[in-house]
Every structure is written in structure tokens, then in C-alpha cells.
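Here is the structure we will look at.
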Amino acid sequence: MNKESLPFSDRPAENAPGHWVLARAGKKVLRPGGLGLTRQLLRHCGLSGKDVVELAPGLGRTAREIVATGPRSYTGVDQDSRAAARVEQVVAGIKGTCRQGDAAATGLDPDSADVVIGEAMLTMQSPRAKAEIVAEAVRVLRPGGIYAIHELGLAPDDLDPEVGTEISRALARAIHVNARPLTLAQWRALLEEHGLVVEWTEAAPMALLKMRRNLADEGPLGVLRMMWNLIRHPDLRRRVLSMRATFRTYEEQMRGVALVARKPA
């Protein structure tokens, strides 16, 4: 596989966002708690026969999981036009579509969705943008609808704020995105501040670049594909190793967290 055939290879690896670096390396599951936590989250949403909106679907891996549950409709909203086009192909077999747009201003009708899902995207936003996106999810949801998120969490809940700031800075250097993870208690509070009632939470180790997690998420052939790409492309290998070093340094303080919250009827 040459460089030109890698996905999203138009930007040099040394300054591309970490999630696109991993995608170019062949990784398809880009969620902090892995595919297992995503599947737990989706099971708690009861998606069959529902109108589902996914914010920032990225490569469309979760969209595939959503479509497999038999929703009534699927709508994705992603700022990246290439990502939107990829997801459009994934959901073409059902009443599904994916548009380019802003998660904080989707343009969707109010009270038009039964479930809104967002994974690994609020973490990358400022406090103000986090609030705007949650408010938009609440606006789009019908009364009684569900907002479900899967994000990067910090632990424990009483983590020293200075340590949290240190982790955010280290992540920014490694992934080239100003990541701002929260503790599970802070994620819960963010949702509750917008009138949502949190019904379920779960956490999983943040093992995004560990072999056991990748075998579970990508399968043996997927892992071999990633290894081959990293061998062939030193620029990708340097970035991935840098990210892995940061994840290892703070592995006791980072985890994947998932929350399901309901808009009161």
C-alpha cells in the first residue's frame, strides 16, 4: 500500500490530528473505551425502529453498528466532507444519510430524533463548545429521547485539577488536538446542567493502542494491516509511538466513559 492509497493522506503525518493519523495507519475503531464499550452504549439506547442522529461519525464504524440494529432512520452530521461522504456510503442501504455540518448547529428540526449519539468528539471541544453541542442534542431530541456519549474520561472523580490540566497539555502535544477530557462526575454534571437525566454510566480502560484491545477491535487481519502500514510509513510510526507513550504515561488516570441520558418527557 503506497502513501497515496492511505485514507486522508493529504496532510503530513507530523501535524495531522491524531485520529486521522490512526485512520491512515488502518485503525477503524477510534473510541477510547473500544468497540466493547460502544456496543454496551448502543444496547442501552434501544435503537430498533428509532430515528437516530449521530454527531461526528468519522469513519462510520459506529454507523455500521447502528444500522445493524434496524433503526427507522439514520442521520449523520460531520464537519469533514470526506467523512460525511464515507458514512453516506455506509448507511445507503437503509433510510440513512450523512451531511456536512456543525454538531453545535446541525440544522435538523427540533424534536426530530429519538436518539442522538456522539463518540470521542465532545472531548475535543472547549467548555463552551461542549455546552453548545449538548444543547443542540437536547434541541433535536423528542421528549423522552436519549442522548448517548462515549468519551475520554479522567479518574478518579476527585483528580487534582492540576493533573487534569497536565494531561490535557500532554494529549495536545501528542494528538495535535486540544483535548479536554472530564471525570465521569463532570461528564454527568454537563448533561444534567442541560436538563438531561443520566440513566446509565460505564467505564473501560483507555487501551486504544494496546495489542489486546486492537485484536478485539480490529481483528488479527486488521492488526496486521496496521503493523504493515506503520512499517512502511515511518512518519506514521513516529506519531503513533508518540501517542502510545503519552497514553502509557497517564494510563492510570485515563479511561473510556459512556453515559446514557434522557430528555424528560
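What you see below is based on every heavy atom in this structure, not just the backbone, and it leaves out hydrogens, waters and symmetry mates.
For the pair Val91 and Glu54, the minimum side-chain heavy-atom distance is 4.5 Å or more. Between Arg225 and Leu221, the closest side-chain pair of non-hydrogen atoms is not below 4.5 Å. In this structure, Leu152 and Trp187 have side chains that are not in contact, with every pair of non-hydrogen atoms separated by 4.5 Å or more. With contacts defined as side-chain heavy-atom distances shorter than 4.5 Å, the pair Leu22/Met243 qualifies.
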- Task: For Ile149 and Leu191, run side-chain contact (heavy atoms from CB on, under 4.5 Å): C-alpha distance rounded to whole Å, both residues' side-chain angles, the deciding distance at 0.1 Å, then the answer.
- Result: CA-CA 10 Å; Ile149 64 173; Leu191 300 184; 4.2 Å; yes
- Might you work through the side-chain contact (heavy atoms from CB on, under 4.5 Å) test for Leu42 and Ile117, ending with a clear yes or no? CA-CA 9 Å; Leu42 298 183; Ile117 296 169; 3.6 Å; yes
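Counted within 6.0 Å of CZ on Arg72, heavy atoms from surrounding residues, nucleotides or ligands total more than 12; the atom is thus considered enclosed. Other residues, nucleotides and ligands place no more than 12 heavy atoms under 6.0 Å from the CD atom of Glu252.
A salt bridge links Lys263 with Asp111: at least one charged nitrogen is closer than 4.0 Å to a carboxylate oxygen. A salt bridge between Asp78 and Arg86 is absent, with no side-chain N of the basic residue lying under 4.0 Å from a carboxylate O of the acidic one. Look at Arg142 and Asp51 and you find a salt bridge, because one of the NZ, NE, NH1 or NH2 atoms lies within 4.0 Å of a carboxylate O, short of that distance.
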Using distance only, find each side-chain donor-acceptor pair of residues 195-211 under 3.5 Å and give its atom names and separation, not counting sequence neighbours.
unit_1	atom_1	unit_2	atom_2	d
Glu199	OE1	Arg262	NE	3.4
Glu199	OE1	Arg262	NH2	3.3
Glu199	OE2	Arg262	NE	2.8
Trp200	NE1	His44	NE2	3.1
Lys210	NZ	Glu251	OE1	2.8

Show me the side-chain donor-acceptor pairs of residues 174-181 shorter than 3.5 Å, one per line, residues at least two apart or across chains.
unit_1	atom_1	unit_2	atom_2	d
His176	ND1	Glu14	O	3.2
His176	NE2	Arg173	O	3.4
Arg180	NH1	Asn178	O	3.2

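With sequence neighbours left out, Arg128 forms a side-chain contact (heavy atoms from CB on, under 4.5 Å) with Ser126, Glu132. In this structure Glu88 satisfies the side chain to side chain donor-acceptor pair (under 3.5 Å) test together with Thr97, sequence neighbours excluded. In this structure Glu192 satisfies the salt bridge (charged side-chain N to carboxylate O under 4.0 Å, His left out) test together with Arg188, sequence neighbours excluded. Partners of Pro234 under the side-chain contact (heavy atoms from CB on, under 4.5 Å) rule, at least two apart in sequence or in another chain, are Arg237, Arg238. With sequence neighbours excluded, no residue satisfies side chain to side chain donor-acceptor pair (under 3.5 Å) with Lys28. For Glu166, the side-chain contact (heavy atoms from CB on, under 4.5 Å) partners at least two apart in sequence or on another chain are Tyr250. Not counting sequence neighbours, the partners of Ala185 by the side-chain contact (heavy atoms from CB on, under 4.5 Å) test are Asp157, Thr183. Residues passing the side chain to side chain donor-acceptor pair (under 3.5 Å) test with Arg39, sequence neighbours excluded: Glu65.
Residue Val87 comes nearest to Gly58 through the heavy atom pair CG2-O, 3.4 Å, listed as atom of the first residue, atom of the second, then distance. Taking each heavy atom of Leu108 and Arg139 in turn, the nearest pair found is O-NH2, 2.6 Å. Of all heavy-atom pairs between Pro57 and Gly76, the closest is CG-CA, 4.4 Å. Nearest heavy atom pair, residue Ala113 against residue Val116, reads CB-CG2, 4.2 Å. The heavy-atom pair separating Arg213 from Gly33 by the smallest distance is NH1-C, 3.4 Å. Taking each heavy atom of Pro220 and Leu215 in turn, the nearest pair found is CA-CD2, 4.0 Å.
In this structure a side-chain-to-backbone donor-acceptor pair under 3.5 Å is present from Asp80 to Ala83. His194 places a side-chain N or O within 3.5 Å of a backbone atom of Ala131 that can act as its donor or acceptor partner.
In this structure, the separation between CZ on Arg31 and OG1 on Thr38 is 6.0 Å, given to the nearest 0.5 Å. Separation of atoms CG (Leu224) and CG (Asn229) is listed at 11.0 Å; rounding is to 0.5 Å. For the atom pair Met254 CE and Thr249 OG1, the distance stands at 8.5 Å (nearest 0.5 Å). How far CZ of Arg244 is from CZ of Arg239: 15.0 Å, rounded to the nearest 0.5 Å. The structure places CG of Asp217 at 5.0 Å from NZ of Lys27, a figure rounded to the nearest 0.5 Å. Between the OG1 atom in Thr123 and the CG atom in Leu182 there is a gap of 7.0 Å [rounded to 0.5 Å].
Hydrophobic clustering, with ILVMFWY side chains joined whenever heavy atoms are under 4.5 angstrom apart, keeps Met226 apart from Val29. Val257 and Leu35 are members of different hydrophobic clusters when ILVMFWY side chains are connected at heavy-atom separations under 4.5 Å. Cluster annotation: Leu41 and Ile146 are assigned to the same hydrophobic cluster (Ile/Leu/Val/Met/Phe/Trp/Tyr, side-chain heavy-atom contacts under 4.5 Å, transitive). Residues Met121 and Leu190 share a hydrophobic cluster, clusters being chains of Ile/Leu/Val/Met/Phe/Trp/Tyr side chains in contact below 4.5 Å. Under the 4.5 Å side-chain heavy-atom criterion for Ile, Leu, Val, Met, Phe, Trp and Tyr, Leu55 and Val138 are members of the same hydrophobic cluster.
For the side chain to side chain donor-acceptor pair (under 3.5 Å) condition, the pairs that include at least one residue of residues 98-108, sequence neighbours left out, are Thr106-Glu136. Applying the ring-ring contact (aromatic ring centres under 6.0 Å, His included) definition to pairs two or more places apart or across chains, none involves residues 126-156.
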